[in-house]
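Here the structure comes first, spelled out in structure tokens, and everything after it is commentary.
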Amino acid sequence: MGPKFSEDVIPITDLKLNPGRVVEHVAAVHRPVLLTKRGRGVAVVQSVSDYEIAEEERSFMRSVIAGLADLESGREVSLADAKARLGLG
């Protein structure tokens, strides 16, 4: 989920003054916070759990895309062959 600009864009000086508030905010709303310096975005703060979930989703989507590319190029195996290769039957 993307940031809500009315709530999730803060100057980096606010992070320096009250880091706990920023950490609590990202954990509570499950959205990243955009840190700015002189009005320009410089970094993103995100909770570790939300980062891990997003990273797992990206990895899954990369695998799906790779699988679809394999199908389009004719690199496929039957379900029985896949099970045999994986030792599942």
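The shortest side-chain heavy-atom distance between V42 and I12 falls under the 4.5 Å cut-off. Residues I10 and L35 meet the side-chain proximity criterion, which asks for heavy atoms closer than 4.5 Å. When side chains are defined from C-beta on, V45 does not count as touching H25, because their heavy atoms never get closer than 4.5 Å.
Shown here is R75, whose CZ atom has more than 12 heavy atoms of other residues, nucleotides or ligands within 6.0 Å. Counting heavy-atom neighbours within 6.0 Å of R62 CZ, excluding the residue itself, gives a total above 12.
Across all non-hydrogen atoms, the minimal contact from A27 to S47 is CA-CB, 4.3 Å. Heavy atoms only, all atoms of each residue included: A82 and V77 are closest at CB-CG2, 4.0 Å.
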Stepwise side-chain contact (heavy atoms from CB on, under 4.5 Å) test for D14 and V22: CA-CA 8 Å; D14 287 3; V22 176; 5.6 Å; no
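Side-chain heavy atoms closer than 4.5 Å link hydrophobic residues (I, L, V, M, F, W, Y) into clusters, and following such links, even through other members, never connects V33 to V48.
Using a 4.0 Å cut-off between a side-chain N of Lys or Arg and a carboxylate O of Asp or Glu, E55 and R58 qualify as a salt bridge.
D81 contributes atom CG, which lies 11.0 Å from atom CG of L86 (distance to the nearest 0.5 angstrom).
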